[in-house]
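Please read all numbers here as calculations on a predicted model, not as lab measurements. All residue numbers refer to positions in the sequence shown, counting from 1. Side chains are part of it too, since the values below use all heavy atoms of this structure and drop only hydrogens, waters and symmetry mates.
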Amino acid sequence: MSNIVLMTRRVASAAATDMMHTSSRTTAPLISSFGNLSINNNISAATTTASNNKQLNYFSSMATKKSNIVELPPNLKFDPRAKSSPFYGADEVETSRRKKQLQKKVEGQEAAAATTAAEDVENNDDGDDEYTDIEDDVDDEADEERVLYDLSTKADVPRAIPLPKRLHVPVMDFNSGDEVGTFHLSEKTFGCDPVRVDILQRVVVWQRNKKRGKRNAGARTKTISEVSGSGRKVRNQKGGGIARAGHSRPAHWRGGAKAHGPKGNIQDYTTKLNKKVRRMGMRHALSQKLLEGNLVITNDMASNTHKTKVLDEMLNRFDVSGKYGVTALMVDDAHAKEGSEDEAFVHGGVNVNLKVASGNLHKIKVQNQIACNVYDMLKYKKLFLSLEAVRALEARLEK
């Protein structure tokens, strides 16, 4: 038994020695072949990756291009040229193709109608086929009349300038419309962010209620018990052929009482609002105008003439007034030195020529900075402030 074990061990050791010699002779060529294989694999992988990237870029660009093209739904009835339309400013695509398709279709239909007139007369009995052809034509026209728009051609939506760069605004010349300098606004007055819409609503409600004020002060009408007249029955209840009537003082009779009239109570619509909240509303309204880009700072608001035509031409440079211009609120704080020549041209903190010239312009309102309020600033599109008005507002609202 031991001899068999020894022979088995010798055979195994000899086989192992042969395998070691064989592996030492074949290792080098195997390594070199594997190395060439790995290099070839890397080159082919790089080539495949590059081609895949090109394909991905191509398909991604095509997907982006297709995603920008949107169809106008046929059930929407609005003009795409309107500013409220989501397609405003976008170019219509494939218009010429649709026209060519419709033109070819019309020409083909005319040729087919001319050549198959006799066949149509013979096949008049087939009414179902005619209806089927009509439905197919309607479906084809619906497919060909698709209106597509490319949204990538739309103009970029204007974005608000972030703070504090927003506070650095240009100063415009009121007469020429050219930029003459720059001015840095106060962050406390013009830099409120975010704008509190609830504060603006509270101030507007308070202002409108204050203007409504008190009504029916002392107004009082007479009731049935107070109108002159007896309680005697006017006529018989029946037999007269007219409506029944009791006394002669009903509200629908001449000389009768007044139904649901005022009772002499004073109707007070005014409400209360703290002064700090009102000032906060002014600051947020000014900040909103600056945020929208509708705030125009001018060096002054002195007009050389009282002619409305001259003022209208000046305001057209700012896209204000005129037939297609926007509305504007002009706030000034003009002061003239005593004894100077300009004293006669300033009244109530406003240039007299400007006040007179703007009288016939219904889209313009001129007032002093003391009368500047939240309601007017929100009502008018643009807000014009002179440098004197800006300084006065900042001093008044930052107390």
Side-chain angles (χ1 to χ4, degrees), residues 164 166-192 195 200 203-204 207 275 278-304 306 311 314-315 317-321 326-338 340 342-359 361 363-399:
R166 190 191 310 164
L167 301 174
H168 199 70
V169 296
V171 179
M172 312 299 292
D173 183 67
F174 183 68
N175 295 305
S176 63
D178 299 331
E179 182 178 349
V180 295
T182 56
F183 188 80
H184 192 77
L185 301 173
S186 173
E187 185 177 1
K188 187 175 181 180
T189 303
F190 294 89
C192 298
V195 177
L200 298 178
V203 176
V204 168
Q207 185 176 345
K275 187 182 294 185
R278 284 180 263 161
R279 289 178 180 174
M280 186 187 300
M282 286 287 296
R283 291 194 294 267
H284 282 270
L286 293 172
S287 302
Q288 176 64 23
K289 286 298 176 182
L290 179 61
L291 178 66
E292 296 173 355
N294 292 325
L295 180 64
V296 180
I297 306 297
T298 60
N299 52 356
D300 58 6
M301 291 188 183
S303 180
N304 299 326
H306 64 280
L311 178 61
M314 292 164 54
L315 294 175
R317 302 187 184 101
F318 301 96
D319 297 331
V320 176
S321 187
V326 298
T327 58
L329 175 65
M330 310 182 71
V331 181
D332 195 7
D333 191 33
H335 296 284
K337 297 181 181 179
E338 296 182 0
S340 63
D342 297 337
E343 186 176 1
F345 295 97
V346 177
H347 178 73
V350 179
N351 184 268
V352 175
N353 289 335
L354 178 63
K355 187 70 175 179
V356 173
S358 63
L361 299 177
K363 296 183 178 181
I364 304 299
K365 185 175 182 179
V366 179
Q367 60 185 9
N368 185 259
Q369 59 88 17
I370 293 295
C372 185
N373 55 84
V374 175
Y375 179 76
D376 285 337
M377 282 192 285
L378 298 180
K379 179 181 178 181
Y380 292 88
K381 181 72 174 179
K382 286 192 176 183
L383 175 63
F384 284 75
L385 295 178
S386 63
L387 291 177
E388 292 80 3
V390 171
R391 297 188 182 97
L393 287 172
E394 290 179 351
R396 179 162 63 92
L397 299 176
E398 293 180 4
K399 290 182 180 180

**Message:** Return the OG1 to NZ distance between T327 and K379, rounded to the nearest 0.5 Å.
**Reply:** 9.0 Å
**Message:** Does I370 form a side-chain contact (heavy atoms from CB on, under 4.5 Å) with R396? I'd like the steps, not just the answer.
**Reply:** CA-CA 9 Å; I370 293 295; R396 179 162 63 92; 4.3 Å; yes
**Prompt:** Counting only heavy atoms not in K381, do more than 12 sit closer than 6.0 Å to its NZ atom?
**Reply:** no
**Minimum side-chain heavy-atom gap N304-N353 below 4.5 Å** = no
**Message:** Counting C-beta onward and ignoring hydrogens, is there a side-chain heavy-atom pair between V296 and V320 closer than 4.5 Å?
**Reply:** no
**Request:** Compare every heavy atom of V171 with every heavy atom of N299, then report the nearest pair and how far apart it is.
**Result:** N-CG1, 3.7 Å
**Message:** With rounding to the nearest 0.5 angstrom, report the NZ to CG distance, K289 to N294.
**Reply:** 5.5 Å
Pairs of donor and acceptor atoms involving the side chains of residues 382-390, under 3.5 Å and at least two apart or interchain, shall be tabulated with distances.
residue	atom	partner	partner atom	Å
K382	NZ	F318	O	2.8
S386	OG	D332	OD1	2.7
S386	OG	A389	N	3.3

**Message:** Do H335 and V346 make a side-chain contact, defined as non-hydrogen atoms from C-beta onward lying under 4.5 Å apart?
**Reply:** no
**Request:** Enter the distance from C372:SG to K365:NZ here, rounded to the nearest 0.5 Å.
**Result:** 9.5 Å
**Item:** Closest non-hydrogen atom pair, G281 against L200
**Value:** O-CD2, 3.5 Å
**Between CG on residue L315 and OG on residue S358, distance to nearest 0.5 Å** = 9.0 Å
If you look only at distance, which donor and acceptor atoms sit under 3.5 Å apart when one is on a side chain in residues 174-181 and the other is two or more places apart or in another chain?
residue	atom	partner	partner atom	Å
S176	OG	D173	OD2	2.7
S176	OG	D178	N	3.4

**Asked** Which pair of non-hydrogen atoms, one from K355 and one from V366, has the smallest distance, and what is that distance?
**Response** NZ-O, 3.0 Å
**Item:** Spacing of CG belonging to N351 relative to CE belonging to M301, to within rounding of 0.5 Å
**Value:** 10.5 Å
**Asked** Which atom pair, heavy atoms only, marks the closest approach of M282 to L393?
**Response** CE-CD2, 4.3 Å
**Gap separating the CG atom of N373 from the CD atom of Q207, nearest 0.5 angstrom** = 4.0 Å
Indicate every side-chain donor-acceptor pair of residues 184-192 with a distance under 3.5 Å to a residue at least two apart or in another chain.
residue	atom	partner	partner atom	Å
S186	OG	K188	N	3.4
S186	OG	E398	OE2	2.3
T189	OG1	E398	OE2	2.8

**Message:** Quick one, R279 and K275 - any side-chain contact, counting heavy atoms below 4.5 Å?
**Reply:** yes
**Message:** Between D333 (side chain only) and Q369 (backbone N and O only), is there a donor and an acceptor less than 3.5 Å apart?
**Reply:** no
